[in-house]
Amino acid sequence: MHPGDRAALRAAARAAAAEGRIKSRRLRIRDRRDGGEGYRTVELWGRVPEADDARARPHLVGTVVDAQAGSAAVAAVERLRDGVFSLAPDGRVTYANHSTLQLLGVRGDELLGQFLWDVLPWLADPDVEYRHRSAMISQAPVSFLACRPPDRWLAFSLHPEADGVTGRVVPSGHPPSTSTPSASSAETATAATPARLGVMYHVLQLGSALTEAVTAREVCEVISDQLLPAFGGQQLAIYVVRDGTMRLLYHTGHHEDFLDWLEGVPLPACLPGTETLTSGAPLFIESQQDLSQDYPAIPTGGVSSWAYLPLIASSHPVGTCVLGFDEIHRFTEKDRGVLTALAGLIAQALERARLYDAEFALARGLQQALLPHRLPVVPGIRTVARYLPGTSGMDIGGDWYDVIPTGSGVSLVIGDVEGHSIAAAATMAQLRSAVRAFAAVGHTPGDVMAGANRTLIDLDPGLLASCCYIHLEPHGHHACAVTAGHPPPLLRRPDATTNALELDVGPLLGVDRASSYPATRIDLLPGSVLALYTDGLVEERGADINVGIDGLRASLAHAPADSLDELADRLLHNARGSSYRADDIALLLAEYGSGHGAEVTPDHGVILTDSAKR
């Protein structure tokens with residue numbers, strides 16, 4: 001080892017003893033391969049073994065890498081006059097040597113991580129992207145010429161592997177010649193394969209993206225993201241058939257009145273948006289003159305060219321997809337073939353998504369009908385509730401909440417039946433009814449929970465449930481709580497100190513018919529707030545649920561308490577803003593000693609009203 005690096009190695013060893021690892025430490029060691037006395041640089045990574053044997057602790061295991069080998073390879077490529085670059089499988093640039101940057105006339109920070117055809121306008125021809133896609137699909141090298149303005153021709157060659165593409169770019173002394181039959185034939189032959197594979201790429205790419213789209217809105221967004229950039233369009237509208245007329249489902253583009261005239265038109269009308277659907281043949285209109293000649297009464301809407309694609313699934317007319325172009329667009333045979341092929345994929349995906357949307361609306365409507373539409377007004381206690389459905393699918397969950405007036409006060413209930421299905425929702429409805437029945441006849445909280453447990457076992461749905469039940473007496477300054485395996489409720493006191501209540505926890509409902517549920521007394525001060533919630537609000541995959549509960553406790557402690565509605569919205573802020581919720585969320589807040597009550601109308605997480613604002 002080089003004497004100057006010994007102290008560095010000892011420092012790394014001390015760091016490893018303290019931290020358990022060494023991260024990327026460079027050292028110089030004697031290079032004796034050729035009998036020389038020089039040094040070469042190596043890079044060291046290491047860690048302390050994870051072993052119970054104390055004798056293993058003074059040792060490091062790790063890797064020594066010849067740092068000069070990689071540097072020498074990069075230096076060699078940088079010395080080449082030819083441009084050398086690499087592309088990820090999706091086409092993004094992962095490396096470009098200095099010659100590549102000079103030939104393309106671009107900086108490295110502009111190019112790396114981007115697509116060649118996005119950064120360089122003179123490579124924005126779809127054929128360039130087709131060449132890359134054809135190379136990846138066929139795993140065969142491809143070549144092409146491109147002109148860097150004003151008149152510098154460059155020759156590109158792409159050499160694919162499964163993990164990406166290595167590219168080469170060199171100056172070409174002459175533009176592609178078409179003066180001889182052999183040159184023309186060769187150019188036509190080399191273009192044919194990328195064109196065919198480019199068509200295949202679009203079909204595969206759109207088909208793959210559509211498989212991940214679930215709702216009609218998601219399908220439309222995928223179509224917009226895929227078709228407009230691929231064909232250079234600026235407008236896209238999708239009309240669907242409803243009750244024999246055309247109805248706008250989706251539109252994107254800066255012309256708001258792109259196809260206003262098509263809205264509400266009956267299917268048999270002699271218009272391009274309907275004729276393409278009734279005939280089943282796509283319609284391509286390349287200029288405003290062509291449109292005026294065939295359909296003189298139709299406004300152009302600021303668009304110069306149109307492609308009308310019939311969306312037909314299982315011989316059933318679904319709708320029409322319309323692409324608009326601000327400039328005149330000449331539809332090649334390749335364009336027409338690709339768009340015709342894609343219309344079938346779009347129709348199938350859109351029909352599937354519309355069926356999903358209809359079933360989803362039915363399932364959510366059923367779930368909403370099973371929850372309270374209005375919470376009772378109870379003097380001295382104010383309550384608000386929120387409900388957010390999960391976003392992971394159409395299956396509905398078994399979360400519920402309730403506020404039940406009794407002869408001696410009011411009972412707060414929140415529960416969660418396991419699973420996401422119609423069976424879970426039906427079981428939830430039956431449990432909610434059972435809890436209300438037991439509470440209405442004056443049973444103690446422990447007896448109410450025991451009765452709900454027996455009811456679930458008698459129903460025998462094969463499902464378990466958790467539940468928390470708190471009975472409050474408006475003038476008693478205390479509450480009585482029981483829980484069946486449910487996350488602990490939170491209590492915020494008037495001075496804003498907040499903690500999770502330590503209750504005597506009973507077993508989940510549906511486990512044992514003889515289960516008993518001990519009650520815990522809770523002391524309350526006027527102005528205290530109780531928060532009952534389901535695990536969807538505090539549980540994250542791979543994380544301890546206690547971390548989520550403590551995070552909710554901190555949010556409740558620090559949120560302003562001017563309005564119970566605002567407090568509920570603050571607690572749900574992160575969940576409401578998330579595009580993915582694996583589980584449903586129910587939240588019930590009760591403020592003790594507030595002097596008035598509250599009511600709510602749950603509707604897929606919309607803001608719920610406070611009775612004081614009516």
Side-chain angles (χ1 to χ4, degrees), residues 372 374-388 399-406 409-415 445 467-483 486-503 520-538 548-576 585-600 602 605 607-613:
R374 187 180 300 273
L375 295 183
V377 176
V378 180
I381 296 174
R382 185 168 55 147
T383 57
V384 297
R386 297 290 189 271
Y387 185 88
L388 292 179
D399 294 23
W400 93 91
Y401 59 86
D402 210 346
V403 176
I404 309 170
T406 66
V410 63
S411 294
L412 311 175
V413 189
I414 199 158
C467 185
C468 182
Y469 181 100
I470 301 179
H471 182 72
L472 294 86
E473 296 181 3
H475 306 292
H477 299 293
H478 70 272
C480 186
V482 295
T483 180
H486 198 81
L490 305 178
L491 175 62
R492 170 174 165 157
R493 296 175 178 81
D495 61 358
T497 59
T498 306
N499 62 285
L501 295 176
E502 296 183 1
L503 306 181
T520 303
R521 180 188 173 95
I522 305 170
D523 293 326
L524 298 175
L525 295 175
S528 298
V529 175
L530 281 166
L532 287 73
Y533 54 92
T534 55
D535 57 5
L537 183 57
V538 294
I549 293 173
D550 191 61
L552 181 63
R553 181 202 61 76
S555 298
L556 179 60
H558 294 96
D562 298 336
S563 165
L564 206 59
D565 278 300
E566 293 181 7
L567 181 58
D569 291 334
R570 287 180 179 272
L571 296 182
L572 290 182
H573 176 75
N574 292 336
R576 203 188 293 272
I585 295 172
L587 174 67
L588 177 61
L589 299 181
E591 184 178 4
Y592 172 76
S594 61
H596 61 278
E599 66 177 53
V600 298
I607 296 177
L608 308 180
T609 61
D610 176 39
S611 65
K613 301 177 183 178

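- A distance of 9.5 Å separates CG of Leu412 from CG of Asp402, quoted to the nearest 0.5 Å.
- Side-chain polar atoms of Tyr469 and Thr483 form no donor-acceptor pair below 3.5 angstrom.
- The backbone N or O of Asp495 sits nowhere less than 3.5 Å from a side-chain atom of Thr497 that would complete a donor-acceptor pair.
- Separation of atoms SG (Cys480) and NE2 (His471) is listed at 8.0 Å; rounding is to 0.5 Å.
- In this structure, Cys468 SG and Leu532 CG are separated by 4.5 Å, a value rounded to the nearest 0.5 Å.
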request  = Give the C-alpha distance, both sets of side-chain angles, the deciding distance and a yes or no for side chain to side chain contact (heavy atoms under 4.5 Å, CB included) between Leu572 and Leu388.
outcome  = CA-CA 9 Å; Leu572 290 182; Leu388 292 179; 4.2 Å; yes

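- In this model, no donor atom of one side chain and acceptor atom of the other lie less than 3.5 Å apart for Arg492 and Asn499.
- The side-chain hydrogen bond (donor to acceptor under 3.5 Å, both in side chains) check on His486 picks up Ser466, with sequence neighbours excluded.
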request  = Dump the intermediate steps for side chain to side chain contact (heavy atoms under 4.5 Å, CB included) on Leu587 and Tyr387, then the final yes or no.
outcome  = CA-CA 6 Å; Leu587 174 67; Tyr387 185 88; over 6 Å; no

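- For the atom pair Leu524 CG and Ile522 CD1, the distance stands at 6.5 Å (nearest 0.5 Å).
- The side chain to side chain contact (heavy atoms under 4.5 Å, CB included) test with Leu530 singles out one residue from Leu501, Ile381, Leu490, and that residue is Leu501.
- Of all heavy-atom pairs spanning Gly415 and Thr534, the tightest one is O-CG2, 3.6 Å.
- Atom-to-atom distance recorded for Ile470:CD1 and Ile414:CD1 is 9.5 Å, nearest 0.5 angstrom.
- Within the 3.5 Å criterion, the main-chain N or O of His477 finds a donor-acceptor partner in the side chain of Tyr592.
- A distance of 8.0 Å separates OG1 of Thr406 from CD of Glu473, quoted to the nearest 0.5 Å.
- Ion pairing of Arg386 with Asp565 is present here, as a side-chain N (NZ or NE/NH1/NH2) and a carboxylate O approach within less than 4.0 Å.
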query = Is there a side chain to side chain contact (heavy atoms under 4.5 Å, CB included) between Val482 and Thr520 once you walk through the steps?
reply = CA-CA 6 Å; Val482 295; Thr520 303; over 6 Å; no

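- Heavy atoms only, all atoms of each residue included: Thr383 and Ala590 are closest at CG2-CB, 3.9 Å.
- The side chain to side chain contact (heavy atoms under 4.5 Å, CB included) test with Tyr533 is passed by exactly one of Ile549, Leu556, Leu588: Ile549.
- Contact detail for Ala479 and Leu472: the closest heavy-atom pair is CB-CG, 4.0 Å.
- In terms of heavy atoms, Ser528 sits closest to Pro494 at OG-CD, 3.5 Å.
- With contacts defined as side-chain heavy-atom distances shorter than 4.5 Å, the pair Leu491/Val529 does not qualify.
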Side chain to side chain contact (heavy atoms under 4.5 Å, CB included) assessment of Val410 paired with Ile404 = CA-CA 6 Å; Val410 63; Ile404 309 170; 5.8 Å; no

